[in-house]
Amino acid sequence: MKRNRNEANGFEMWGGYMEAKKTKLEKQFTEKAAGNNNHVKSQIFKGISIFVNGYTLPSADELKRIMMENGGVYHHYHRPNITTHIIASNLPTAKLKLLKQFKVVKPEWISDSLKEGKLLNYDGYLLFNDNPNQPKIDFPVRAKNASEPTFLSEFYNNSRLHLISTMATTFKHLVNDTRKRNQTDYPGRLRLKKWVEQNEVKDVLSHDSELDSGKIVMHIDMDCFFVSAGLVERPELRGLPVAVTHAKGNLSKKREGVDHGAEFGLYVKRWRGDDNEHDEENDEEEVREIKPRSTKRDGINETDSMAEIACCSYEARKLGIKNGMLVGQALKMCPALKLIPYNFEQYKKVALTLYTHIMNDYTLDVEAVSCDELYLDCSHILETTKASPIELATFLRKEIKEKTKCPCSTGIGSNCLLARLATKKAKPDGQFYLEPGIIMDFMRNIDISDIPGVGRTLGHKLSTLGISTCGELSALSLQTLQSEFGNKTGFSLYKHCRGEDDRKLNYDYKPKSVSADVNYGIRFQNKEESENFIKQLCDEVEKRLDDIEMNGKAVTLKLMIRNAEAPKESAKFLGHGFCDNITKSSSLTKSTSKSIIIFQVVNKIMNQLDIDPSELRGIGIQMNKLESRTVTRAGRIENFISNMKSDKIISTNVSEPKSFQCSSTDYLNKPKSVMDFFKPKEDLNSKKHLKVSNFKSNSPHESLANIKMSQVDPSFLDALPADLRLEIENELKANENLNFLTIPNENSSIMEVTMTEESSKLYQHVQIDQMKEFIEEWVVTENEPKTCDNIMVSKYLCNLVRDAKTEDAYEIIRKLYRLIKSKDQVVWKQSYFDILKDVQEIMLNLYNAKMKVETTFR
DNA sequence: ATCCTCCCCTAC
DNA sequence: TAAGGTAGGGGAGGAT
């Protein structure tokens, strides 16, 4: 998975996909990194090859670098006969047993060896060993709650919801990327065609020509996915009531401060609305009937397991077990229920098999819904194979079962809604074609809660209107529905209950927000702990933005805070309990992905809210208003210009230092992005010097700014107040690879920055070819030209002319002309003329002649 | 009218 | 013990 960079997370096997996906820029970066890594410092680890298992300190990434720089080898996978050492600081018992035969060594072995400059004996660093004089197993302290530094990664490694979320986005991206390839061969269609020809007699009736008209959508859904995938390696449990969960049995510790009854009561109270007058008895009735999420706490005592059942088999469902039910409750209902643990790797494997099979062999017209559920437009497949929808379903399901060893169900219909409802009817392990003629009858008896968008609340609201089926719902007028539920919701209810659904299959996935939320294990003692954790969340958000190469222009903070009436401890171990929720958002002046900036904003909100850290139960950080960086890249011209315009990039007299003011948010990204794109090639002399001065205050607190250390004139430290300077020096000591530095500056986001720079050198860094590429991207990706970008291009060209590189200028203008010619908007054409005007002016000045280029768009 | 913020709801 | 994430849609109500 491209979106996960370094962690050992099981997606490493997707290597081919990752490689194919790498953009040019990423390649440049990788090559650069590789180049640096070639710089071998020692041979300490010669002959050693490691595989890093789980979270370690130093990180897997860091260990990799250390190995590469010091003669060792880093394996992304454990290769039993080749990997010499497994590095881990924490292994679950099961895995530990499994790996007992191998050398499992603590990461300190590597860092200490490096420190000593020689390879130390690993005996003292074994995570466990068989020496009876030593403790058998050296268990590290496990991350208990979010105040521990390893909590986040451990949580992510165990959270099913995190997994299904990230997998869903991953597969949306996978579909996106796969669709970009030029595929003409669909071997599955050939197999199907052959099979249909051989089976011809069987299904004559379905070859109905009227069915061929219009779109045919197929919905594929794996049957109780986690269970099926889990049973691949436990075939002996097939046919039994099985549930996937963290709990190993119904054993739970009694904890102080827990009050199931009180907590449950609060949920119920909120659910039915605090201020409404109610008849007690009726309420109880109502609550039970509509089953709010909180009722799952009902009938559970303090020592019952509060773990959730992520997925249960159909046999278990027959006995009343439901997904999301608590283990304690489920075991009471069905003591024979078999509990099996999660197997995240297996889920990934099965899901990937499902997707690649369909996309390689049948069609690229796939909409990914989740790891185990997708829609496909089968019009083309049916057309080219002459198969009936049912034949396609039969054949495809057979193949999927062969490949994944898991059953799936498929529904077919003329739109997504019908296909989905058909799947529901087909389950388990079946198929159903909802033919046009039977839609009316079919819809009448469909439960309203099967309509997409109708969940707990809407379902309840409808039920109070005496409506439980689509038939009953269709009796309501559009107007009634809209006034009752709002315009859009009303309209879609109106359409959906009639089996109508205009939604097109969505193949293009464009993320609109990126977030990282944790509402489990949040227990802080003080502000330092909460801030540390928030920083980690910001890092996580930055990582996710980087992975999709986007920046966000707005930050939203979501908090869960223990409700004043809620028991001190939640019924669920380390759960959030009954909480009040708060969201606050803040817009940025400039889009960013930088953790440190996000933190800045979040921290400001946190300070305003002034919440006791010990009352926090959940934290989420979300980036909105996303912008793709390929678009931002044109914006980088803007940065380039706005940084330089006071310097007159082109003019010969540029060495004189200039001062300018900007708000810290404006400023933050600029040196980075400019330098990134206009990377000086091996040119250390033209280092950009930034000098920070005129701080308004000595006591650093709120506002922060970033300075890229490698570009900072060391003497700038002298200009800082003593305490600030100390802080910076400490931070430098703590991390020698520091690229960014936070410079707090209280009560003003304004700081003065003095820049000394020979701009002509900067200009030299932009190679002609790079500029061409750049311009192409600008014109292709931007909707309309920004003035500043116009100026940038124009100045660049003028500069070329001044440097007597008229040939190059000519070429670029030609290219620009061709690009703009294919654009419809007049503004682009205007842009061309503006740029041309500047160039011709210089031409006239210097050569007393105009350049011969196109001056009209025909 | 239209947009923005703060929710809530839903789905997997 | 337990791992209650994440993205998108949309409504209410206020600002423009």
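Quick note on labels: first sequence line is chain A, next is B, and so on, each numbered from 1.
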Would you sort out whether A:E345 and A:K349 count as a salt bridge (Lys or Arg N to Asp or Glu O under 4.0 Å), showing the intermediate values? CA-CA 6 Å; A:E345 298 313 306; A:K349 218 162 105 186; over 6 Å; no

Intermediate values then yes/no, side chain to side chain contact (heavy atoms under 4.5 Å, CB included), A:M606 and A:L557: CA-CA 9 Å; A:M606 283 300 282; A:L557 174 67; 3.6 Å; yes

Determine whether A:D450 and A:R420 satisfy the following criterion, salt bridge (Lys or Arg N to Asp or Glu O under 4.0 Å), listing intermediate values before the conclusion. CA-CA 9 Å; A:D450 290 339; A:R420 235 178 76 129; over 6 Å; no

Going through the checks in order, is the side-chain hydrogen bond (donor to acceptor under 3.5 Å, both in side chains) test met by A:N624 and A:T556? CA-CA 7 Å; A:N624 312 301; A:T556 304; 2.6 Å; yes

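When heavy atoms are screened at a 4.0 angstrom cut-off, A:A307 is found touching the sugar-phosphate backbone but no base atom. Across all strands shown, A:T556 has no heavy atoms under 4.0 Å from either base or sugar-phosphate atoms. A:G521 comes within contact range of no nucleotide atom at all, as no heavy-atom separation falls under 4.0 Å.
Of the candidates C:dA2, C:dA3, B:dC12, B:dC12 carries the atom nearest the A:R420 side chain, counting heavy atoms from C-beta on. Closest approach to the A:V369 side chain among C:dG4, B:dC6, B:dC12 is made by B:dC12 (side chain taken as heavy atoms from C-beta onward). Comparing B:dC12, C:dA3, C:dA2 by their nearest atom to the side chain of A:N158 picks out C:dA3.
Note: CE (A:M560) to C1' (C:dA3) measures 15 Å, nearest angstrom. Between A:L462 atom CG and B:dT10 atom C1' there is a gap of 14 Å when expressed in whole angstrom units. Distance, A:K144 NZ to C:dA3 P: 18 Å, rounded to whole Å. Atoms CZ (A:R617) and P (C:dA3) sit 17 Å apart, rounded to a whole Å. Protein atom CE of A:M167 is 16 Å distant from nucleotide atom C1' of B:dA11, rounded to whole Å. Taking atom CG on A:L559 and atom C1' on B:dC7, their separation rounds to 14 Å, with Å as the unit. Between A:I522 atom CD1 and C:dG4 atom P there is a gap of 13 Å when expressed in whole angstrom units. Counting to the nearest Å, the P atom of C:dG4 and the CG atom of A:N563 are 23 Å from each other.
You'll find the ring centres of A:H576 and A:Y520 outside the 6.0 Å limit.
With A:Y355 contributing its side chain and A:A351 its backbone, the two residues share no donor-acceptor pair below 3.5 Å.
With sequence neighbours excluded, the residues forming a salt bridge (Lys or Arg N to Asp or Glu O under 4.0 Å) with A:D429 are A:R397, A:K401, listed by chain and number. Partners of A:T245 by side chain to side chain donor-acceptor pair (under 3.5 Å), not counting sequence neighbours: none found.
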Base contacts versus sugar-phosphate-only contacts with protein, heavy atoms under 4.0 Å: please encode nucleotides 5-11 of chain C as B, S and - from 5' to 3'. BBSSSSS

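Between C:dA3 and B:dT10, the two P atoms lie 22 Å apart (nearest whole Å).
Between B:dA11 and A:S370, no contact under 4.0 Å exists linking OP1 or OP2 to a side-chain N or O.
Taking for each of A:F578 and A:K248 the nucleotide of DNA chain C with the nearest heavy atom, the 5'-most of the two is the partner of A:K248. Mapping A:E484 and A:G249 onto DNA chain C by nearest heavy atom places A:G249 closer to the 5' end of the strand.
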